[in-house]
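I have placed the structure first, in the form of structure tokens, so that the comments after it can refer back to it.
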2 protein chains.
Amino acid sequence: MKFEAVTIKDIAKALGLSTSTVSRALRDSYEISEDTKKLVKEYAASINYRPNPIALSLKEKRSRSIGVVVCEIANSFFSQIINGIESIAYDQGYNVTISQSHESFEREVLDVSHMASRSIDGLLISVSAETKNFEHLQKLHAQGLPIVFFDRIVPDIETHKVTTDNAAGAHAATRHLLENGYRRIAHLGAAEYMTITQERLRGYKNALAEKQIPFDTSLVKHCTHGGMLEKEVQAALDALLALPEKPDAILAAADKLTTNCLRYLQKNGIKVPDDIALAGFSNSDLTELLHPPLTVVKQPAFEIGRSATEMLLQLIEARRPVTEFAHTVLPAELVIRESSLKK
Amino acid sequence: MKFEAVTIKDIAKALGLSTSTVSRALRDSYEISEDTKKLVKEYAASINYRPNPIALSLKEKRSRSIGVVVCEIANSFFSQIINGIESIAYDQGYNVTISQSHESFEREVLDVSHMASRSIDGLLISVSAETKNFEHLQKLHAQGLPIVFFDRIVPDIETHKVTTDNAAGAHAATRHLLENGYRRIAHLGAAEYMTITQERLRGYKNALAEKQIPFDTSLVKHCTHGGMLEKEVQAALDALLALPEKPDAILAAADKLTTNCLRYLQKNGIKVPDDIALAGFSNSDLTELLHPPLTVVKQPAFEIGRSATEMLLQLIEARRPVTEFAHTVLPAELVIRESSLKK
DNA sequence: ATGAAAGCGCTAACAA
DNA sequence: TTGTTAGCGCTTTCAT
């Protein structure tokens with residue numbers, strides 16, 4: 001489709017027809033005779049004609065492509081989500097353009113503006129860990145760009161949202177730890193202001209409350225970069241382990257947090273679960289092979305991707321402005337393994 | 001950029017100028033007076049004007065976007081490559097569109113044709129494990145679409161290529177196993193016809209030859225889907241372990257192969273490295289946390305992505321047809337851990 | 001049943 | 001210095 005790019009005009013010239021006749025013939029218009037249709041179609045096929053999608057986009061004012069912004073592709077949770085997104089988008093003839101924020105607000109703003117100016121028809125986004133200001137999204141949304149939030153949502157913007165039942169996931173994991181005899185459970189969370197962080201913390205607190213365990217602020221640490229930086233996890237754990245009354249278990253509330261937590265413990269020769277138990281959110285398919293096999297809260301990533309995409313396409317293809325928005329909450333799954341077993 | 005989409009025409013009308021003057025003013029043309037430029041620019045900024053990239057693409061006959069086809073995003077090796085690709089492309093103002101073949105030939109052909117018809121300016125591709133027929137790529141290449149192959153390359157198509165020194169990587173790992181006293185080293189490879197499979201097998205053979213260990217065909221197994229399917233790995237290992245003389249070590253020649261191999265061994269209660277040693281290609285950042293920590297051949301994924309993208313952009317932006325092609329071979333790194341230590 | 005022409009947003013050759 | 005116009009590839013009235 002590069003150098004010689006066949007156009008409708010070429011076909012018209014070769015066949016001694018007008019471009020409009022060719023166009024109509026190709027689209028099977030009723031006003032074109034069967035003979036002409038056949039002639040045009042066969043010739044088009046023979047020279048491998050492909051309509052130029054850019055010209056089409058210009059005309060139709062839509063690009064049939066959707067943008068996806070996530071913090072990291074190299075994170076199982078997000079790559080699984082992307083698989084879900086693709087599975088739907090592709091079938092519907094939509095292209096998927098992916099951008100990573102690497103948890104940087106600045107980068108996210110750039111990504112989003114780049115995408116918007118690239119004429120995407122809609123946006124799927126899970127905001128970066130640094131994002132506290134949502135103007136860039138608010139503006140686009142106000143301008144009419146269909147947006148669906150997933151995972152890390154923006155509560156203030158009225159549109160479809162898809163999340164995991166984070167509170168329930170954290171709750172189940174915490175209760176599980178409690179039931180296994182752990183009492184001083186530390187909570188390692190991502191950036192404080194993120195919705196997912198708050199929800200997971202809430203689930204943790206509720207589980208404690210149910211067992212009448214007092215909530216101890218000193219057991220809660222936050223890593224602003226969601227565990228991306230090994231040293232922030234290190235700092236948090238250093239602090240936790242320096243506590244007069246050390247925790248006997250850790251609930252890590254994000255993928256990187258969980259694995260980097262394990263990394264820290266291994267490096268420091270701390271046995272899991274003997275010295276300290278560990279459970280955490282993770283979607284990696286290697287968690288069962290870790291040392292020890294990790295108890296994880298697994299999110300329905302593929303489903304999140306599918307669901308968000310379905311919603312977005314619905315928004316994009318809506319005839320009239322949509323005013324009713326759904327917030328789909330999908331269940332998390334607690335997978336119990338050795339890292340959190342009985343004291 | 002949706003509903004109200006400001007165009008140059010709007011600006012022209014509002015300011016009582018012609019569209020061409022506006023266009024030139026925005027692009028800082030020397031033929032426009034400073035006053036007019038200022039006027040236009042300020043007004044454009046005030047109403048948040050953004051040039052329509054689709055119209056630009058149509059005119060310039062380029063989309064400033066490149067296509068990437070890999071088998072799986074959820075594979076660390078490829079997600080790291082994509083990070084490398086993005087790091088370059090983004091800076092140069094190129095968009096990256098990613099597609100996954102999921103190791104299916106059919107899907108790859110679809111992906112590629114979809115991308116080509118989407119008017120990408122160039123293609124970065126690592127072919128699927130099923131791909132033995134390269135017509136779909138050959139055709140595009142012949143038509144003038146710039147293509148750069150990485151990792152799983154197509155030798156017959158003359159263009160830039162970037163790979164890891166697969167033979168050297170496999171060689172180093174095999175030698176390491178030999179030096180640690182292992183003598184019956186099995187080789188678990190991906191699809192036989194793939195270049196990477198052959199190269200890695202070659203490195204393995206050479207290392208054996210250097211130590212005068214006879215090459216034993218029965219110790220070599222291939223998994224056509226590159227380890228994606230757990231059961232193909234299972235079948236291969238079942239066969240290996242049923243051998244009259246069992247292997248005492250395994251060299252797995254692909255990411256999924258390595259981890260699924262470990263999965264199999266763990267499931268079957270086979271101790272690593274006591275019962276059997278394991279080393280393999282992997283780029284996961286969790287390999288050091290596995291049970292046991294895995295000895296891996298790590299590919300310079302980020303660099304592969306960078307390098308391939310630089311080459312592609314060079315091809316895209318070349319003034320004259322490029323006739324000299326480079327094949328960049330980057331070194332792999334052997335990371336020695338417990339899974340392959342002394343017998 | 002087919003063709004001519006306008007227009008999507010933008011740039012650039014040509015005029016003025 | 002600014003305006004007019006044509007054209008990128010395609011669809012779609014409006015003529016014929």
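Note that this is a predicted model, so its numbers are computed, not measured. Order of the sequence lines sets the chain letters (A, B, ...), proteins ahead of strands, with each chain counted from 1.
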May I ask you to evaluate whether B:Y49 reaches the phosphate of C:dC10, defined as a side-chain N or O under 4.0 Å from OP1 or OP2? yes
So if I take every side-chain heavy atom of B:I32 and compare against D:dT2, D:dT11, C:dC10, which nucleotide ends up nearest? D:dT2
May I ask you to check whether over 12 heavy atoms, not counting those of A:E106, lie within 6.0 Å of atom CD? no
Rounded to the nearest angstrom, tell me the gap between atom CG in B:D35 and atom P in D:dT1. 10 Å
Would you confirm whether B:H136, through its side chain, and B:V109, through its main-chain N or O, come within 3.5 Å as a donor-acceptor pair? no
Just how far, in rounded Å, is P of C:dT11 from CD of B:E60? 8 Å
When rounded to whole Å, the NZ to C1' distance for the pair A:K9 and D:dT11 reads 15 Å
Spacing between B:Y30 atom OH and C:dA12 atom C1', to the nearest angstrom: 11 Å
Taking atom types as modelled, find out whether B:Y49 and B:D10 have a side-chain donor-acceptor pair closer than 3.5 angstrom. no
So does B:E103 pair up with B:R152, basic N to acidic O under 4.0 Å? yes
So if I take every side-chain heavy atom of A:S20 and compare against C:dG9, C:dA4, D:dC10, which nucleotide ends up nearest? C:dA4
Would you please confirm or rule out a distance under 4.0 Å between OP1 or OP2 of D:dG9 and any side-chain N or O of B:K61? yes
Compute whether any side-chain donor of one residue and acceptor of the other, for B:S23 and B:S20, lie under 3.5 angstrom apart. no
Between A:D28 and A:K37, does the salt bridge (Lys or Arg N to Asp or Glu O under 4.0 Å) criterion hold? Intermediate values first, please. CA-CA 7 Å; A:D28 237 343; A:K37 278 188 194 171; 3.3 Å; yes
Taking the side chain of B:E31 as heavy atoms from C-beta outward, which of D:dT13, D:dT1, D:dC10 is closest to it? D:dT1
Examine C:dT2: is either OP1 or OP2 under 4.0 Å from a nitrogen or oxygen in the side chain of A:R24? Give yes or no. no
5′-ward residue of the pair A:S23/B:G16 relative to DNA chain D: B:G16
For D:dG9 and B:K59 - does any side-chain N or O of the residue sit under 4.0 Å from the phosphate oxygens OP1/OP2? no
Write down the distance between CZ (B:R27) and P (C:dA13), rounded to a whole number of angstrom. 12 Å
Which nucleotide wins on minimum distance to the side chain of A:S33, given the candidates C:dT2, D:dT4, C:dA5? C:dT2
Please work out if B:L17 contacts a base, only the sugar-phosphate, or nothing of the nucleic acid, heavy-atom cut-off 4.0 Å. sugar-phosphate
From C-beta outward on B:S18, which listed nucleotide comes closest to its side chain: D:dG9, C:dG3, D:dG3? D:dG3
Distance, rounded to the nearest Å, where B:L58 contributes CG and D:dA6 contributes P: 18 Å
Rounded to the nearest angstrom, tell me the gap between atom CG in A:L39 and atom C1' in C:dT2. 13 Å
Protein-nucleotide distance (A:K37, atom NZ; C:dT2, atom P), rounded to Å: 10 Å
Compare side-chain N and O positions of A:T21 against OP1 and OP2 of C:dG3 and report whether any pair is under 4.0 Å apart. yes
Touch check for A:T36, heavy atoms < 4.0 angstrom, all strands: base, sugar-phosphate only, or nothing? sugar-phosphate
